[in-house]
Amino acid sequence: MSTERPEHQGNDTAGDRSARRAVAIFPVLVLLAGAIGLLFPGSFTGWGESVPYLLGVVMFCMGITMTPQDFRGVARRPWAVALGLVAHYVIMPGLGWAIAHLLQLPPQLAAGVILVGCAPSGTASNVVTYLARGDVALSVSVATVSTLVAPLVTPPLTLLLAGEYLPVDTGSMVTDILKTVLLPVLAGLAVRLLAGRYVQRALPLLPWLSAVTIGVIVTVVVAGSADAIKSAALLVFVAVVLHNGLGLVLGYGAGRLTGLGEPASRAMAFEVGMQNSGLAASLATAHFSPLAALPAAVFSVWHNVSGALAAAWLSRRGR
């Protein structure tokens, strides 16, 4: 979910407050969206083709929130950003593969879980890091770079780890990520640079636009696999909770083991454990099946719930 990025821990702007409210309400909104898709699947027949365009809206909103300062942050701490990037694209894909084998998931679900793990960082991770009193600048830098390199990293990782379950067309996947992620992000960044004064006024609305759009994506994905959910929901939920929970713990541990310090380790936890599940759902629907998109839909709800709870606990511990 795209959110305006908080620059400083003590600077409580209208955009920051709007982002925090959106993060708090987002799980409820996604649960409602999933229930609608489950109860009225026939109402969304044929909507699957709209998912990449809806994701493009979310990524455009993310691009609008970016500033040149985000990229300067990468240059100031290349080692920490590189560590976050490697941890993200090693831990989560590896966990997805291990969980698929451990739970002996059916091929479609196994590929879906692995694809979630191979996706870039979740777009709500920055605000959750802020709520946890973590290193927001590092969080923004890692999220930005992981998104920009996704066309080069996500398809080959998916082929390597999910290829044993289903055929993976990496060339087509690269094209889809470029169209639905990189181009909208760059377009949003260009709009921010060219019309920053007008964009500033709209920033508090962007988290809500992203939240509603992701809600629609979840509705469409759930509706497309409504019949399978009844038999696979518990198994998928267990896989998602393990994937997200271990990602948060191992991400935090990676920061501590490499001496990044407590605030940066908190940022690492959320940059590793929170995924761009909207992208995973879009790619799974396009390249595998609606059933393969089910783990991404469940992850979209759960990682915001667990992220908010972890942030509240870390914030209290920080005090």
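- The shortest heavy-atom contact between A150 and P155 is O-CD, 3.4 Å.
- The CG atom of L242 lies 10.0 Å from the CZ atom of F237; values are rounded to the nearest 0.5 Å.
- When all heavy atoms are compared, the tightest approach of H243 to L95 is CD2-CB, 3.6 Å.
- Of all heavy-atom pairs spanning P120 and T154, the tightest one is CD-OG1, 4.1 Å.
- Although no hydrogens or angles enter the test, the distance criterion places no donor-acceptor pair under 3.5 Å between the side chain of R266 and the main chain of G134.
- With contacts defined as side-chain heavy-atom distances shorter than 4.5 Å, the pair T170/V168 qualifies.
- L209 and V191 are assigned to two separate hydrophobic clusters, defined by single-linkage of ILVMFWY side chains at heavy-atom distances under 4.5 Å.
- Cluster annotation: V81 and V86 are assigned to distinct hydrophobic clusters (Ile/Leu/Val/Met/Phe/Trp/Tyr, side-chain heavy-atom contacts under 4.5 Å, transitive).
- Placement of V221 and V57 in two distinct hydrophobic clusters is found when ILVMFWY residues are connected by side-chain heavy-atom separations under 4.5 Å, directly or transitively.
- Residue pairs meeting the ring pair (Phe, Tyr, Trp, His ring centres under 6.0 Å) criterion with at least one member in residues 164-197, sequence neighbours excluded: H101-Y165.
- Residue Y252 holds its OH atom at 10.5 Å from CG of L257, rounded to the nearest 0.5 Å.
- Contact detail for N126 and A143: the closest heavy-atom pair is ND2-CB, 3.7 Å.
- Interatomic distance, T147 OG1 to I177 CD1, rounded to the nearest 0.5 Å: 11.0 Å.
- A salt bridge is defined here as a Lys NZ or Arg NE, NH1 or NH2 lying under 4.0 Å from an Asp or Glu carboxylate O, and R256 with E262 meets this definition.
- The closest donor-acceptor contact from the side chain of S315 to the backbone of R133 lies at 3.5 Å or more, if one exists at all.
- When side chains are defined from C-beta on, L85 counts as touching V149, because their heavy atoms get closer than 4.5 Å.
- Checked by atom type and distance alone, the side chain of T144 pairs as donor or acceptor with a backbone atom of V140 at under 3.5 Å.
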Intermediate values then yes/no, side chain to side chain contact (heavy atoms under 4.5 Å, CB included), F60 and V185: CA-CA 5 Å; F60 177 78; V185 166; over 6 Å; no
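- Nearest heavy atom pair, residue L178 against residue P184, reads O-CD, 4.1 Å.
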Chi angles and distances behind the side chain to side chain contact (heavy atoms under 4.5 Å, CB included) call for M92, C118: CA-CA 7 Å; M92 290 304 280; C118 296; over 6 Å; no
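- In this structure, F270 CZ and L138 CG are separated by 13.0 Å, a value rounded to the nearest 0.5 Å.
- For the pair T180/Y53, no side-chain contact is recorded, criterion being any heavy-atom separation below 4.5 Å from C-beta on.
- Listed for the Q275 side chain is a donor-acceptor partner under 3.5 Å among the backbone atoms of G117.
- Shortest non-hydrogen contact noted between L260 and A80 is CD2-CB, 4.1 Å.
- A heavy-atom distance below 4.5 Å is not found between the side chains of M274 and F299.
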Can you give the donor-acceptor pairs under 3.5 Å from side chains of residues 105-115 to other protein atoms, not counting sequence neighbours?
from : atom 1 : to   : atom 2 : distance (Å)
Q108 : OE1    : S289 : OG     : 2.7

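- N276 is listed as a side-chain neighbour of L55, based on a closest heavy-atom distance under 4.5 Å.
- Under the salt bridge (charged side-chain N to carboxylate O under 4.0 Å, His left out) criterion, R76 pairs with no residue at all, not counting sequence neighbours.
- Here T129 contributes atom OG1 and M268 contributes atom CE; the two are 11.0 Å apart, rounded to the nearest 0.5 Å.
- Between the side chain of N244 and the backbone N or O of G273 there is at least one donor-acceptor pair closer than 3.5 Å.
- Panel note: side chain S50, backbone W47; a donor-acceptor pair is recorded below 3.5 Å.
- Under a 3.5 Å cut-off, the side chain of S121 and the backbone N or O of S146 do not form any donor-acceptor pair.
- When side chains are defined from C-beta on, K179 does not count as touching P52, because their heavy atoms never get closer than 4.5 Å.
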Show me the side-chain donor-acceptor pairs of residues 279-288 shorter than 3.5 Å, one per line, residues at least two apart or across chains.
from : atom 1 : to   : atom 2 : distance (Å)
T285 : OG1    : A281 : O      : 2.8
H287 : NE2    : D176 : OD2    : 2.7

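- Counting heavy atoms from C-beta outward, L250 and V272 have side chains that stay 4.5 Å or more apart.
- Note: the hydrophobic cluster containing V238 also contains L246 (ILVMFWY, side chain heavy atoms under 4.5 Å, direct or indirect links).
- For H88, the ring pair (Phe, Tyr, Trp, His ring centres under 6.0 Å) test picks out no residue, with sequence neighbours left out.
- For the pair L248 and S306, the minimum side-chain heavy-atom distance is below 4.5 Å.
- A donor-acceptor pair under 3.5 Å links the side-chain atoms of S265 to the main chain of G261, judged by distance alone.
- W302 and L235 end up in the same hydrophobic cluster when Ile, Leu, Val, Met, Phe, Trp and Tyr side chains are linked at under 4.5 Å.
- The backbone N or O of V142 lies less than 3.5 Å from no partner atom in the side chain of E271, so there is not a single donor-acceptor pair.
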Please report, to 0.1 Å, the donor-acceptor pairs under 3.5 Å made by any side chain of residues 26-44, with sequence neighbours excluded.
none

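- In this structure, the separation between OG on S141 and CZ on R77 is 6.5 Å, given to the nearest 0.5 Å.
- With T258 contributing its side chain and G255 its backbone, the two residues share a donor-acceptor pair below 3.5 Å.
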